[in-house]
Amino acid sequence: MADWQRTHTCGELRETHLGQTVTLNGWVLITRNFPNQVFVDLRDRYGLTQVVIEDGDKALFAEANQLGREYVLSVTGVVRKRIAGKERADIPTGQVELEAKAVRVLNACPPLPFSVTEFPDEEPANEDLRLQYRYLDLRRRSIQQVLMLRHRVCKIIRDYMDTNGFLEMETPLLGKSTPEGARDYLVPSRVFNGEFFALPQSPQLYKQLLMISGYDKYFQLARCLRDEDLRADRQPEFTQLDVEMSFVERDDVLTLMEGLAADLLKQCLGVTLALPLPRLSYQDAMLRYGSDKPDNRFGMEIIDIGDVAGESEFKVFKDVLAAGGVVRGLNAKNAAAKFSNSDLKPGGKLSAFVTQFKAKGLAWMKCEAGKLTGSIEKFFPDAVKAKLIEKMQVENGDVLLFVADKESVACDALGALRSHLGSELKLYKNWWDEKAEYDATEEKAAKKEKRAPNPFVVKPEHFKMLWVLDFPMFAFDDEERRWVAIHHPFTAPMDEDVANLESNPGAVRAKAYDMVLNGYEVGGGSIRIHRQDVQAQVFKMLGMPLEDAQARFGFLLDALQSGAPPHGGIALGLDRWCMILAGTTNIRDVIAFPKNQKARDLMTGAPAVVEPRQLKELGVELKK
């Protein structure tokens, strides 16, 4: 062992180490220079230790005065108690310090493009700059804690799956391009010019083949890649817990995943999840929440008022109903004072919000002084108003918001508006926002009382989970004028709906299920088709003749005729789970080396042009 290597970490020293000679390795967080002493806060991923360099050794003291932030040091010294009154209750090493006898600079550091110390008075760097220098950004304590949590989550998953008899198995990264919903990333083959591998959107087909091969319980923390438009909770490359099981029905999969969800919340945040989870049909979810991933931390459910609207004299409502559309609304309780009439009128912020979701506009009324007011109030006779008030449980101070359109538009617009209002009106609190408020108050109290801050306690009500079930099997694509699979083409239809595959595909329900947490889809899966004749029928329904299906999926169709067991599975979004457990709304915070919102790696410069020689070897010619 070299004389500069650490004997202890920067988070390890306690009063039990007093008098011992130890060596620490780490980075300089900050220095405090005095005429006869230099204090250095030395940190690594385990914690922080205060190092003191006394002026008794003039050479050592002079060297200590030259140290800067982020210098990499090896410090050998003797552990001693801090001066009375200078202890720190907020860190585990706060009772002791290290009196340095030798300091070796393992690497100096010039001024950085941004600070990684995260002191309260520092302005945070913008995200693009942090991603450009991600290797520096990863030094921040908050990011380190998130990535340590991610490691913990992966370990909990592996232990849970192993305990339940599952085998962790790997599937290929280079496969065949198959239509699964999103665009593939393609990899040209040098050996077979003109032919391409596809990077996996998911291991869907491989895990089904593993079931056919007799490996009845499979899981994998699988890397997946999709060339799709990005959002705060999406990345082009992501990780999912991929699970498949043989000889199971839907409830077997749901029960297994509920147990894992409970394990994750308990071990990571100390939260006890009530099981079994509530279940909601897709139809009810869309009717009540306008979304197949409803956030049920707050009420404000969507109400269908078609029957009442039909009795009104408002032509817009009556015309939409006559054309087969719907009229639905929200009651924003006690929000009349929070939204002016200008906010609600055409061009106002709420009206403009719903037009993003193809709604033609937003009708509204307020309840003030016991009466309904607003531009459409005059079209509602008193008897109809009374019915509306009863149906929507209207009270003074409420705002009624209506969308009249075809059902899909009304669902999308009101579902998005409901989520927006839930945040805008503070109808719920994210646990991390509540924690930030608590920590600010508790830190001040602890400092005043010279004690360690009491940790924030996450409560079960911070997490509202449910299953959404009975999804439609198909949706009609108006642009392509054909039916498409809502999940993927290997999802099994309900047994009682198989007869409708050709005659009435819109009525076919899928054996599909989604796990939803606080308005996020955190998992999705289905029971699969295990019969070749049903799979061929579904391919045909999707506009894929037998010969095309054979060319694209011949290996699967052949396998399904070779003793395929009934099977099903699910995939949980690992990054999204870590995002929620870590208390952030940005998925890039929980990935060590993420892409930005334009799918670029700002640190390495990928994607980038390659040399013409490489393109020639691959048989690829770029258009000019």
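As a basis for the values below, the full set of heavy atoms in this structure was taken, side chains included, without hydrogen atoms, waters or symmetry mates.
Looking only at atom types and distance, the side chain of Thr117 has a donor-acceptor partner in the side chain of Glu122 under 3.5 Å away. Counted by atom type alone, Gln267 and Arg152 present one or more donor-acceptor pairs between their side chains at under 3.5 Å. Side-chain polar atoms of Thr7 and Thr23 form no donor-acceptor pair below 3.5 angstrom. Looking only at atom types and distance, the side chain of Glu434 has a donor-acceptor partner in the side chain of His462 under 3.5 Å away. No donor-acceptor contact under 3.5 angstrom links the side chains of Gln597 and Arg234, judged on distance only. Side chains of Glu301 and Asn331: a donor-acceptor N/O pair is absent below 3.5 angstrom, by distance only. One side chain, Lys366 or Asn341, offers a donor N or O that lies under 3.5 Å from an acceptor on the other. The closest side-chain donor-acceptor pair between Asn65 and Asn33 falls under 3.5 angstrom. Between the side chains of Asn25 and Arg104, no donor-acceptor pair of N or O atoms lies under 3.5 Å. Side-chain contact, Ser142 with Glu118: a donor N or O sits under 3.5 Å from an acceptor N or O. Side chains of Gln37 and Glu54: a donor on one and an acceptor on the other come within 3.5 Å.
Side-chain N or O atoms of Arg141 include one that pairs as donor or acceptor with a backbone N or O of Arg45 at under 3.5 Å. Judged purely by atom type and a 3.5 angstrom limit, Asn596 uses its side chain to pair as donor or acceptor with the backbone of Arg600. With Asp398 contributing its side chain and Glu395 its backbone, the two residues share a donor-acceptor pair below 3.5 Å. Gln235 contributes a side-chain N or O that, together with a main-chain N or O of Lys595, makes up a donor-acceptor pair within less than 3.5 Å. Remark: side-chain polar atoms of Glu87 are paired, donor with acceptor, to backbone N or O of Gly85 under 3.5 angstrom.
For the side chain to side chain contact (heavy atoms under 4.5 Å, CB included) with Gln95, the qualifying choice from Arg88, Glu15, Arg14 is Glu15, the only one to do so.
Looking at every heavy atom in both residues, Gln240 comes nearest to Ala571 through NE2-CB, 3.4 Å.
Dense packing is recorded around NZ of Lys333, with more than 12 heavy atoms of other residues, nucleotides or ligands lying under 6.0 Å away. Counted within 6.0 Å of CD on Gln393, heavy atoms from surrounding residues, nucleotides or ligands total 12 or fewer; the atom is thus considered open. Applying the 6.0 Å contact sphere to CD of Glu449 captures more than 12 heavy atoms from other residues, nucleotides or ligands. Counting non-hydrogen atoms of neighbouring residues, nucleotides and ligands closer than 6.0 angstrom, the CH2 atom of Trp27 reaches no more than 12 such neighbours. The 12-atom threshold is not exceeded at NZ of Lys444, counting heavy atoms of other residues, nucleotides or ligands nearer than 6.0 Å. Residue Lys459 qualifies as enclosed at atom NZ: its count of foreign heavy atoms under 6.0 Å is above 12. Shown here is Gln356, whose CD atom has more than 12 heavy atoms of other residues, nucleotides or ligands within 6.0 Å.
In this structure, Tyr428 and Phe298 have parallel ring planes: the angle between them is below the 30° cut-off, well short of the 60° mark. Aromatic ring orientation, Tyr133 versus Tyr135: perpendicular (interplanar angle above 60°, classes split at 30° and 60°). Using cut-offs of 30° and 60° for the angle between ring planes, the Phe463 and Trp431 rings count as tilted.
Under a 4.0 Å N-O distance rule, the pair Asp343/Lys338 does not qualify as a salt bridge. Between Asp44 and Arg139 there is no salt bridge, since none of the side-chain N atoms of the basic residue sits less than 4.0 Å from a carboxylate O of the acidic one. Under the 4.0 Å criterion applied to side-chain N and carboxylate O atoms, Arg134 and Asp601 are not assigned as salt-bridge partners.
Rounding to the nearest 0.5 Å gives a distance of 10.5 Å between CZ of Arg158 and NZ of Lys155.
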